[in-house]
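The figures here come from the full heavy-atom set of this structure, side chains too, leaving out hydrogens, waters and symmetry mates. A note on names: the letters A, B, ... follow the listed sequences, proteins ahead of strands, and every chain is numbered from 1.
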Amino acid sequence: MAQPLVKKDDDHDDEDYSPFLGIEKGAVLQEVRVFNDPQLDPRRCSQVITKLLYLLNQGDSFSKNEATEVFFSVTKLFQSKDLGLRRMVYLIIKELSPSSDEVIIVTSSLMKDMNSKTDMYRANAIRVLCRITDGTLLTQIERYLKQAIVDKNPVVASAALVSGIHLLQTNPEIVKRWSNEVQEAVQSRAALVQFHALALLQQIRQNDRLAVSKLVTSLTKGTARSPLAQCLLIRYASQVIRESANTQTGDRPFYDFLESCLRHKAEMVVFEAARAITELSGVTNRELTPAITALQLFLSSSKPVLRFAAVRALNKVAMTHPMAVTNCNIDMESLISDQNRSIATLAITTLLKTGNESSVDRLMKQITNFMSDIADEFKIVVVEAIRSLCLKFPLKYRSLMNFLSNILREEGGFDYKKAIVDSIVILIRDIPEAKESGLLQLCEFIEDCEFTYLSTQILHFLGNEGPKTTDPSKYIRYIYNRVHLENATVRAAAVSTLAKFGAMVDALKPQIFVLLRRCVLDSDDEVRDRTTLYLNTLGGDGEVVETDKETKTLLFGALDIPLVNLETSLKNYEPSEEPFDIDSVSKEVKSQPLAEKKAPGKKPTGLGAPLAGPPSTVDAYERLLSTIPEFLDFGKLFKSSAPVELTEAETEYAVNVVKHIFDRHVVFQYNCTNTIPEQLLENVSVIVDLSEADDFAEVLSKPVRSLPYDTPGQTFVAFEKPEGITAVGKFSNTLRFTVKEVDPTTGEAEEDGVEDEYQLEDLEVVAADYMMKVGVSNFRNAWESMGDDFEHVDEYGLGPRENLAEAVSAVINLLGMQPCEGTEVVATNSRSHTCLLSGVFLGNVRVLVRLQFGIDGSRDVAMKLAVRSEDEAVSDTIHEIVSSG
Amino acid sequence: MELCPCVKNILLLDFEGKRVAAKFFCDDWPTNGAKEAFEKAVFNKTQKTNARSEVEVTMLENNIVVYKFVQDLHFFITGGEEENEVILATVLQGFVDAVGLLLRGNVEKREALEYLDLILLCIDEIVDGGIILETDANIIAGKVASHSTVADGLSEQTFSQALATAREHLARSLLK
């Protein structure tokens, strides 16, 4: 069907055919008169009600008089026995929501219908009456409602139960008297009656923890009749778990029930249970695993709702248990290109929480495209994920800072902007290199910032950090602009910031004084007061004096008195001869801690994060490899290298490689990304030439079946090597694949492909690949407890070197060991140095190395190498590495 | 804490985002202006997506919106951000299928307006004050259709006959 054409026709036809074309409220209200005819025409009356409903539905409102008039006319329609008309009458009465004095008119009619033999009458009359009734009337009809709850017609029972749920909000004491009937309805054979009864029963008993717990216990033994009821049961069970968390120890109650729901045939139940498990407080990995597995299956579902639900739940898990989610990373990466942007965003933020350094740039590129499509609440999540990522991988600050400053310039609400600003502030604090560019970004932001709070926070921050930069003067213009263009609060903050620059940077003093003097005549008291104070205390009478420390503390030091206490003291102070003494104010913090320094002052453990990085990636690799059956009999993974780039940046195919070392095998994991949208690659593998790697024999190559645009894929090549030998060599790599053209408009690939190759850079396996960097806290202790059984000492000449530091780092890199106690740092111009190294060699053998270096006048470096290890062969190997390297 | 699954609104919009039928069950959107603004936001956010074969889903203003498009009609169901997406999708599917049954497969704006009473009754049978009443399309459509026909004493009519009569009744009358 030619969609656009049809649409046009429709458009035109709609004008002609819409039954409500040119409908007018006044005319319809006139038509209401037909309700009063002695001979009612049900069909015509239904039409008029439909028109009234149409008007209401389109947002028209009736005045009080109009509504009353319509309502009274409608009540006449109860005379008609027409079922269809009655149904419309019920609907319009609910929409008109009559006042209590009007309700009385229809009460008797509705009560009659409540006792009718027609199920539909009973069900609907209950719903209508309960909707419009008040407490006094309710006592009159209570008897009928209790009967209806146990009515054998499920529609009637559900109507009464659902009405009960609504009434519980307004008349709890009445509804609570129905619990026997509701209890009976819970046993109903009708699926939805059970669901509604369960909902009402729990709400009636929600303040009685024991009763709810009993209810759940009895119901979890059987199965609920509908998936909805089962979901409700899961929610109750997790509530019971939550509430009993503090009182009980040992096995979690109902966990087995939740776990069994993961195998339910309805997807909504599986998801509800999986989510409930992930949200258990203090959930263990063992408890988490089956839930994660269930969610992982949903990730590759064809239904967007399931993918969305799963990735959203996993995203939450990643905040507290990132490692538990890494198993899903491969599925998650394929979701980045999901048509549904919400799914893609969630996938990205999850990956940001679990990802590694090499994927940062790629992820950032993809995120940028998404930012404009997603809601603020998602953006905040992305920003927070990026903040923690940046602290994890400080080297990537440049691309992350770029990203943050770009989004800072775009549209967004307060919370979003605040999240960005907070992130930049934290990056500036923790990553010194990021400081200058970050401050300038903030300066530019306040030039056009609509949020007073953010402007003042940034100005305060600028005042603290700006003067410490190499060129403080460049910030002055931005700050002084605020004095002209902003409201009083921001102006006052700007004045303080200017004064800080003046106090800290003597060279800027004269200019600052000029600027400050212009503020003396500001229209706002606070701004003038601050200006005067600063001018006087900083010596603004023209002469440039160094501001003494005392003045600085007075003006800019932290107020170590809780503001609440100060406020109370000031209120109690009565004007007298005696001046107010600030020392008399109590410094004791009462209940609430200082609310002042919140977000920007919150300093995350920047040092802790990068240390936690490497083991987590190794763990991720281990899980990845363990999913490939061919690698299972290679034994335990000893070490995975950092990714090595095999292509230049910005090439057609981006490939990096991770070396996985096993006892007798080495596996290369090539991470490939196809960066050409018009191409689909298939059967992607890497051909490895071993002519310069004699000790290795290829045993297996595992290609990627399909590599669509921008979706990373992994191909593996595995080699066998002699056990216990540090086989080294150079591998030349060629990417081989079948390329298929992709139509950019449809995204469909052509049938036929062409075989092609792409030369990658060479890769080396070196001795350091067999060594794991594992430090020891006290080298001397470790050295001595190791003993000299397998000690091997020798001396080497390292030839002429630039300086000692260069020689030391060359040896450290060669061995790939962890320097201990900061001994990798060589004092400048020193002529000798001792360096201590520690590591674990292939086969899990601990190795300690003591290196002593000396350099002579002609820059020749000599080295004494002492190795201690748990295995003589390993000690010898270390020497071989040095002598042959 | 509210544990019962809750539907915040049911929307049926046309391909330009105009309201065909809408029912709001909570106070998040107190005025018609707020309701229309929400409809507009939902429509703009989803209009470019392809929600024709499967129910799609997105987040908007701390709400989850599931949606599906049929011809020139856009169906939406909104729930809170903590709601189980799969439940909302089930309700939506019930709504879409029930409308399909009631309009005998001609799910189009023009038909929907002609049988607006059926659509409104349909919504009334799916959710009551935010609580899910029924998700099975056949049962929903059955309840709606039976109401508008039994009038003529044809209580023994089969479901499809009932539907046919209902359609004729309204088509003739509303078109004149």
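- Nearest approach of Phe20(A) to Leu113(B), heavy atoms of both residues: CE1-O, 3.3 Å.
- Glu83(B) has no carboxylate O lying under 4.0 Å from a charged side-chain N of Arg312(A), or vice versa, which leaves the two without a salt bridge.
- Atom SG of residue Cys231(A) and atom CD1 of residue Ile87(B) lie 4.0 Å apart, to the nearest 0.5 angstrom.
- A salt bridge links Lys23(B) with Glu95(A): at least one charged nitrogen is closer than 4.0 Å to a carboxylate oxygen.
- Among all heavy-atom pairs drawn from Leu306(A) and Val86(B), the shortest one is CD2-CG2, 3.8 Å.
- For a heavy-atom cut-off of 4.5 Å, chain B lies close to Leu53(A), Tyr54(A), Asn57(A), Gln58(A), Gly59(A) in residues 52-61 of chain A.
- For a residue to count as touching a neighbouring chain, one of its non-hydrogen atoms must lie under 4.5 Å from one of that chain's; by this rule Ser163(A) does not touch chain B.
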Going through the distances and angles, do Glu85(B) and Lys303(A) end up as a salt bridge (Lys or Arg N to Asp or Glu O under 4.0 Å)? CA-CA 11 Å; Glu85(B) 297 88 337; Lys303(A) 295 182 188 166; over 6 Å; no

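- In this structure, the side chains of Thr90(B) and Glu267(A) stay at 4.5 Å or more apart for every pair of heavy atoms.
- For Arg275(A), the part sitting under 4.5 Å from any heavy atom of chain B is the side chain, from C-beta outward, and nothing else.
- Both the backbone and the side chain of Ala21(B) come within less than 4.5 Å of a heavy atom in chain A.
- When heavy atoms are compared at a cutoff of 4.5 Å, Val155(A) approaches chain B solely by way of its side chain, counted from C-beta outward.
- Ranked by heavy-atom pairs under 4.5 Å with chain A, the list Thr31(B), Ile64(B), Ile139(B), Leu88(B) is led by Ile64(B).
- Within the 4.5 Å cutoff, the side chain of Pro19(A) has no heavy atoms near those of the Arg110(B) side chain.
- Residues Leu3(B) and Arg235(A) share a closest heavy-atom pair of O-NH1, 2.8 Å.
- When Asn32(B), Val20(B), Asn84(B), Ile131(B) are compared by the number of non-hydrogen pairs under 4.5 Å with chain A, Asn84(B) comes out ahead.
- Qualifying side-chain hydrogen bond (donor to acceptor under 3.5 Å, both in side chains) partners for Arg127(A), counting only residues two or more places apart in sequence or in other chains: Asp124(B), Asp128(B).
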Given the rule in the side-chain contact (heavy atoms from CB on, under 4.5 Å) test, do Leu91(A) and Leu120(B) qualify, once you have shown the distances and angles that lead to the verdict? CA-CA 8 Å; Leu91(A) 207 51; Leu120(B) 293 174; 3.9 Å; yes

side-chain contact (heavy atoms from CB on, under 4.5 Å), that's the test. Do Val305(A) and Glu54(B) meet it? Break it down for me. CA-CA 9 Å; Val305(A) 173; Glu54(B) 295 282 357; over 6 Å; no

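- Contacts of Arg131(A) with chain B are made by side-chain atoms alone, with heavy-atom separations under 4.5 Å and no backbone atom involved.
- At a 4.5 Å heavy-atom cutoff, Ile343(A) makes no contact with chain B through either its backbone or its side chain.
- Scanning for side-chain hydrogen bond (donor to acceptor under 3.5 Å, both in side chains) contacts around Asp136(B) gives an empty result, with sequence neighbours left out.
- For the residue pair Gln339(A) / Asn50(B), no side-chain donor-acceptor distance below 3.5 Å is found, with atom types taken as modelled.
- At a 4.5 Å heavy-atom cutoff, the contact between Phe195(A) and chain B is made by side-chain atoms alone.
- Side-chain atoms of His196(A) come within 3.5 Å of backbone N or O of Ile132(B) as a donor-acceptor pair.
- With sequence neighbours left out, the ring-ring contact (aromatic ring centres under 6.0 Å, His included) criterion links Phe271(A) to no other residue.
- Of all the heavy atoms in Ser342(A) and Met59(B), the pair that sits closest is OG-N, 4.0 Å.
- Looking at Glu134(B) and Ser158(A), their side chains never come closer than 4.5 Å, going by heavy atoms from C-beta outward.
- Among the candidates Val55(B), Thr49(B), Val66(B), Thr135(B), the residue making the largest number of heavy-atom pairs closer than 4.5 Å to chain A is Val55(B).
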